[in-house]
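In what follows, a structure is listed as structure tokens, so that the remarks can point back to it.
Values reported hereafter were calculated over all heavy atoms of this structure, with side chains retained and with hydrogens, waters and symmetry mates removed. Letters go in sequence order (proteins before strands), and every chain restarts at 1.
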2 protein chains.
Amino acid sequence: MNNETIKVACSNCNVRELCMPIGLTIEELSRVDELVAMRRPVKRGATLFRNGEKFTSLFAIRTGFFKTCVTTEDGRDQVTGFQMAGEIIGLDGIVNDQHTCDAIALEDAEVCVLPFDRIEEISREVNALQHHVHKIMSREIVREHGVMLLLGSMRAEERLAAFLLNLVQRMQARGFSKSELVLRMTREEIGSYLGMKLETVSRAFSKFSEDGMVEVKQRHVHIKDAEGLKRIVNSQLCH
Amino acid sequence: MNNETIKVACSNCNVRELCMPIGLTIEELSRVDELVAMRRPVKRGATLFRNGEKFTSLFAIRTGFFKTCVTTEDGRDQVTGFQMAGEIIGLDGIVNDQHTCDAIALEDAEVCVLPFDRIEEISREVNALQHHVHKIMSREIVREHGVMLLLGSMRAEERLAAFLLNLVQRMQARGFSKSELVLRMTREEIGSYLGMKLETVSRAFSKFSEDGMVEVKQRHVHIKDAEGLKRIVNSQLCH
DNA sequence: CGCCGCATTGACGTTCGTCAAGTCTAGTGG
DNA sequence: CCACTAGACTTGACGAACGTCAATGCGGCG
């Protein structure tokens with residue numbers, strides 16, 4: 001009804017349970033609300049932060065979809081992750097006070113800006129927040145272990161199957177279908193993340209499609225046989 | 001001189017500047033000393049912690065050399081890192097209160113046991129420690145980005161060159177030679193870390209040797225042309 | 001001295017990258 | 001409303017890089 005200079009507050013945010021600790025007392029909750037300095041819209045294709053930029057804040061994704069990627073001087077490029085609502089990005093910037101990767105919106109998005117010094121300050125008073133921050137960073141480390149496993153020991157189809165299952169599982173945790181999926185990234189970006197070429201991604205999609213495990217229509221993916229995909233991931237085709 | 005039930009203290013530890021924050025006041029330093037619950041020797045081949053074990057502590061490596069690896073139920077296996085003196089391991093355990101990988105000593109080692117609840121407690125009082133913990137976790141995230149880049153976009157020889165340069169650079173930071181290297185891991189473990197087979201590792205070593213960039217004798221590696229290796233890493237052989 | 005695990009090397013096969021041609025779709029402008 | 005275009009995607013043919021399998025060499029330890 002009334003126009004809203006949307007009150008910035010975690011306490012009534014719909015992705016709260018994804019990015020904030022649970023079981024806070026009322027007063028703790030109001031302290032945590034102070035974390036969010038502002039909200040910031042990010043247009044599709046725009047960068048939220050870029051390699052080399054000064055680090056000041058973490059970002060909690062309220063809506064939208066991002067990719068993060070690292071680049072080397074010699075032009076190598078690697079997507080290190082895809083992030084969706086409720087996830088925190090920018091953790092890479094803490095260690096040297098500057099970001100070491102680019103974060104780019106793959107669809108129109110909105111993020112909460114969380115100044116890191118404020119996070120540290122409030123963490124000292126609210127134990128649950130302190131532990132939550134540690135868990136978020138640990139979770140990212142564990143996730144990356146999984147990616148290393150995927151890149152280091154899986155073949156193309158196994159990688160894509162694992163990727164699709166992971167995506168759909170995260171969507172499901174956000175209340176979306178566990179069989180219907182709209183990819184926000186190109187084949188090339190998927191390939192970069194999975195360490196393979198876009199043609200190989202495309203072929204793997206076609207293969208799954210032939211085998212009746214998914215229906216693929218451009219970026220629309222319908223997963224008809226999640227169990228089949230799981231078998232692919234765990235197949236260890238040889239040995 | 002006198003026999004030592006070695007006093008457990010960071011303040012006079014020789015790898016302090018590697019694992020502890022710098023610029024602490026005297027009283028802060030004494031608080032930080034309380035972090036170390038005990039020291040624990042780990043024999044070569046022994047596991048410091050294992051996937052599934054309850055997480056209680058981080059470990060700071062005083063001496064020795066470790067590998068960490070993740071395993072899947074279907075028997076896939078991936079070395080996620082090699083850790084040496086001054087580095088902290090166990091961060092993966094925070095998120096779910098249990099370890100998600102195995103840590104195995106590749107040579108006789110000694111670690112400091114840092115109970116994590118004590119870390120959190122003292123972090124609240126000593127800001128420098130709080131920030132240091134954040135930096136350590138962020139550093140690990142950034143390191144893993146680098147591994148993802150390596151696994152996702154480099155060819156075999158580029159990976160091995162990058163690996164050798166990274167190892168020697170870390171050894172140098174610890175006061176060792178920047179050209180002389182004793183590998184503590186097998187070809188197979190190197191291969192697992194780099195996402196390639198042990199034979200491919202061996203062939204890459206032989207290639208470097210033929211090209212006069214290194215001398216290899218089993219696990220002894222002499223780096224004769226670090227610049228050459230750097231060129232390999234940045235070569236982008238095709239394109 | 002002999003064994004065993006690790007490492008090297010060679011021959012061959014598979015997977016995936018490369019290059020190229022062609023198709024589909026969404027978006028734009030007449 | 002339709003035609004046109006650019007970018008994304010698919011598919012095929014071929015080759016390079018790496019994995020696989022197997023034989024052999026080497027060094028350390030009991």
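A:Lys207 is linked by a side chain to side chain contact (heavy atoms under 4.5 Å, CB included) to A:Glu157, A:Glu210, A:Asp211, counting only residues two or more places apart in sequence or in another chain. Remark: A:Glu17 engages no residue in a salt bridge (Lys or Arg N to Asp or Glu O under 4.0 Å) (not counting sequence neighbours). Residues satisfying the side chain to side chain contact (heavy atoms under 4.5 Å, CB included) test with A:Thr186, not counting sequence neighbours, are A:Glu188, A:Glu189, A:Arg219. Partners of A:Phe66 by ring pair (Phe, Tyr, Trp, His ring centres under 6.0 Å), not counting sequence neighbours: none found. Checked against salt bridge (Lys or Arg N to Asp or Glu O under 4.0 Å), A:Arg139 has no partners two or more places apart in sequence or in another chain. Considering only residues two or more places apart in sequence or on other chains, A:Gln218 meets the side chain to side chain contact (heavy atoms under 4.5 Å, CB included) condition with none of them. Partners of B:Arg203 under the side chain to side chain contact (heavy atoms under 4.5 Å, CB included) rule, at least two apart in sequence or in another chain, are B:Glu199. In terms of the ring pair (Phe, Tyr, Trp, His ring centres under 6.0 Å) criterion, residue partners of B:Phe55 (sequence neighbours excluded) are, by chain and number, B:His99, B:Phe116.
Nucleotide D:dT10 holds its P atom 11 Å from the CG atom of A:Leu160, rounded to whole Å. The CD atom of A:Glu158 sits 14 Å away from the C1' atom of D:dG19 (whole-angstrom rounding). Per the geometry, CG belonging to A:Leu194 stands 14 Å off C1' belonging to C:dC16, to the nearest Å. Whole-Å rounding puts the A:Arg155 CZ to D:dG19 C1' distance at 9 Å. When the C1' atom of C:dC6 is taken as reference, atom CG of B:Leu106 falls 15 Å away, rounded to whole Å. One atom, NZ of B:Lys217, and another, P of C:dT8, lie 13 Å apart when rounded to the nearest Å. Counting to the nearest Å, the P atom of C:dA7 and the NE2 atom of B:His220 are 12 Å from each other. If you take CE of A:Met154 and P of D:dG19, they are 16 Å apart, rounded to a whole angstrom.
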At a cut-off of 3.5 Å, list every protein nitrogen or oxygen paired with a nitrogen or oxygen from nucleotides 12-14 of chain D, distance to 0.1 Å.
unit_1: D:dG12; atom_1: N7; unit_2: A:Arg203; atom_2: NH1; d: 2.8
unit_1: D:dG12; atom_1: O6; unit_2: A:Arg203; atom_2: NH2; d: 3.2
unit_1: D:dA13; atom_1: N6; unit_2: A:Arg203; atom_2: NH2; d: 3.4

Each nucleotide N or O in nucleotides 5-9 of chain D that has a protein N or O under 3.5 Å away: list the pair and distance.
unit_1: D:dC9; atom_1: OP1; unit_2: A:Arg219; atom_2: NE; d: 3.0
unit_1: D:dC9; atom_1: OP2; unit_2: A:Arg187; atom_2: N; d: 2.9

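For residues 202-230 of chain B, no pair satisfies ring pair (Phe, Tyr, Trp, His ring centres under 6.0 Å), with sequence neighbours left out.
Contact check, A:Thr200 against C:dG17: a side-chain N or O comes under 4.0 Å of OP1 or OP2.
The aromatic rings of A:Phe82 and A:Tyr193 lie perpendicular to each other, with more than 60° between the two planes, well past the 30° mark.
One axis for each end of the helix from C:dC1-D:dG30 to C:dG30-D:dC1, each built from five base pairs, and the angle between them comes to 30° at 10° resolution.
Checked by atom type and distance alone, the side chain of A:Arg174 pairs as donor or acceptor with a backbone atom of A:Ala85 at under 3.5 Å.
Contacts of B:Gly195 with the nucleic acid, taken as non-hydrogen atoms under 4.0 Å apart, involve only primed sugar atoms and P, OP1 or OP2.
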